[in-house]
Structures are given as C-alpha cells and as structure tokens.
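Note sheet for the following structure.
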Amino acid sequence: MAEQRDYFEEVYEVVRLIPKGRVTTYGSIARYLSLRAGARMVGWAMNGCRNRPDVPAHRVVNSVGLLSGKHFFGGPTIMQQLLEDEGVRIEKDRVVDFKTLLWDPSLELAI
DNA sequence: TCACTGACGGCTG
DNA sequence: ACAGCCGCCAGTG
C-alpha cells in the first residue's frame, strides 16, 4: 500500500534530524510527536525504516540507553559499530554517557 | 474473536 | 538499584 501511517513518516523525519554522535529514545520521539500510541509504535515504525537507508535508526535507543534494536541491523554488532563510528562509545550494548549524548527532540527542537 | 508478542516506558514493591 | 506488572497499538496464529 502506498499509504503508510502518517506518524511513520513523522518518526523518520525526526530520526533524520538526530545529529551525528547523538542518540535519542523511542519514548522521546513518541512524546515529541504526541503519539498516544507510545514508544512501542515508534519501534514498530522503525521496523518499516529498514528500507530507508537515510533513516539513522541506530541513533535510536531505549530509555536506558540500551541498543535494543541491534539485532535488527543484520548483525549483533552492526548498530554498535555504526554508533562507535560516530564517536558514541558503547559498553555492554549500552551507550556510555547516554544521558549526556541524549538528544531529546522535545527540548532540542523546542516545538 | 481471543490470546500472544513486540526495536518501550512508567509505576510499584 | 533491581525486578515485576500493566498499558499502549498493530500484526499474527
């Protein structure tokens, strides 16, 4: 179907705005877009972004900085390598200094 | 139609 | 700090 969920596109747009070397969370995106569906649907939206190379899904982690979606990158270390290549340190599938690197659209974009 | 699952998050003990 | 439970929406058996 040509008609994707509108919030899918909105999610992709926000994800594309994430600066290199920064990360954000599913919940932050959901809150920024006022998705009452919650973070789960953001994750579901990311599932559809696998066909979209321009969407840096690796910069999206869960609320504790855990690379919960690493297994969906074709390998258990792909997501980690992508992040480390941008200067984000990963330790035990978790973003180091996650709270500092967190890029919350609700704050940074200041809607 | 019901039940279970999932790239999550918040609340409670 | 940690573990468990519930709610949220969509897809699948």
Side-chain angles (χ1 to χ4, degrees):
Chain A
M1 284 300 233
E3 185 218 316
Q4 309 89 322
R5 299 287 174 179
D6 287 338
Y7 61 85
F8 271 41
E9 295 301 326
E10 296 186 63
V11 169
Y12 301 151
E13 192 175 346
V14 174
V15 173
R16 253 179 295 222
L17 293 176
I18 304 173
K20 181 181 176 185
R22 294 290 208 111
V23 295
T24 191
T25 70
Y26 305 94
S28 295
I29 296 174
R31 193 171 25 164
Y32 171 72
L33 296 176
S34 301
L35 299 179
R36 74 172 172 57
R40 279 191 181 271
M41 285 302 97
V42 176
W44 189 251
M46 302 313 285
N47 203 359
C49 86
R50 289 163 63 175
N51 284 353
R52 301 175 180 256
D54 48 321
V55 179
H58 59 276
R59 294 178 188 156
V60 186
V61 297
N62 68 2
S63 61
V64 294
L66 198 65
L67 309 188
S68 48
K70 61 166 184 166
H71 209 64
F72 284 62
F73 281 80
T77 59
I78 305 298
M79 185 175 184
Q80 175 173 341
Q81 290 218 351
L82 286 170
L83 285 169
E84 286 183 331
D85 188 56
E86 297 183 352
V88 179
R89 286 215 299 150
I90 307 297
E91 198 170 295
K92 296 175 184 173
D93 297 334
R94 199 182 54 180
V95 176
V96 179
D97 290 330
F98 162 68
K99 201 171 181 182
T100 303
L101 296 176
L102 177 61
W103 182 85
D104 190 336
S106 300
L107 301 177
E108 305 292 339
L109 296 180
I111 189 174

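Just so it is clear, the model here is predicted, and its values are computed rather than measured. Labels below follow one simple rule: chain letters A, B, ... track the order of the sequence lines, proteins then strands, and each chain is numbered from 1.
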>> Rounding to an integer number of Å, can you tell me how far A:His71 NE2 sits from B:dT5 P?
In response: 18 Å

> Under the side chain to side chain donor-acceptor pair (under 3.5 Å) rule, what pairs show up with a residue in residues 56-66 of chain A, not counting sequence neighbours?
Replying inline: A:His58-A:Glu86, A:Arg59-A:Glu86

>> Any carboxylate oxygen within less than 4.0 angstrom of a Lys/Arg side-chain nitrogen, looking at A:Arg16 and A:Asp54?
In response: yes

> Can you get from A:Tyr12 to A:Leu109 by hopping between Ile, Leu, Val, Met, Phe, Trp and Tyr side chains that sit under 4.5 Å apart?
Replying inline: yes

Interface polar pairs with nucleotides 6-10 of chain B, N/O, under 3.5 angstrom:
from	atom 1	to	atom 2	distance (Å)
B:dG6	N9	A:Arg40	NH1	3.3
B:dG6	N7	A:Arg40	NH1	3.3
B:dA7	N7	A:Gly43	O	3.4
B:dA7	N7	A:Asn47	N	3.3
B:dA7	N6	A:Met46	O	2.8
B:dA7	N3	A:Tyr26	OH	3.3
B:dC8	OP1	A:Ser68	OG	3.1
B:dC8	N3	A:Arg40	NE	3.4
B:dC8	N3	A:Arg40	NH2	3.3
B:dC8	N4	A:Arg40	NH2	2.0
B:dG9	OP1	A:Gly27	N	3.1
B:dG9	OP1	A:Ser63	N	3.3
B:dG9	OP2	A:Ser63	N	2.5
B:dG9	OP2	A:Ser63	OG	3.1

>> Within residues 90-97 of chain A, which residues have any heavy atom lying less than 4.0 Å from an atom of DNA chain B?
In response: none

> Expressed in angstrom and rounded to an integer, what is the separation of A:Leu35 atom CG from C:dA10 atom C1'?
Replying inline: 13 Å

>> Taking the P atom in each of C:dC6 and B:dA3, what is the distance between them to the nearest angstrom?
In response: 15 Å

> Rounded to the nearest 0.5 Å, what separation is found between the CG atom of A:Leu66 and the CD1 atom of A:Ile90?
Replying inline: 9.5 Å

> How many angstroms lie between OG1 in A:Thr77 and CG in A:Leu83, if you round to the nearest 0.5 Å?
Replying inline: 11.5 Å

>> Would a single hydrophobic cluster contain both A:Val42 and A:Leu17, if residues Ile, Leu, Val, Met, Phe, Trp and Tyr are joined by side-chain heavy-atom contacts under 4.5 Å?
In response: yes

>> Would you say A:Ile29 ends up clustered with A:Met41 if hydrophobic residues are merged whenever their side chains have heavy atoms under 4.5 Å apart, either directly or through other cluster members?
In response: yes

>> Is there a continuous path of hydrophobic side-chain contacts, each under 4.5 Å between heavy atoms, that joins A:Trp44 to A:Phe72?
In response: no

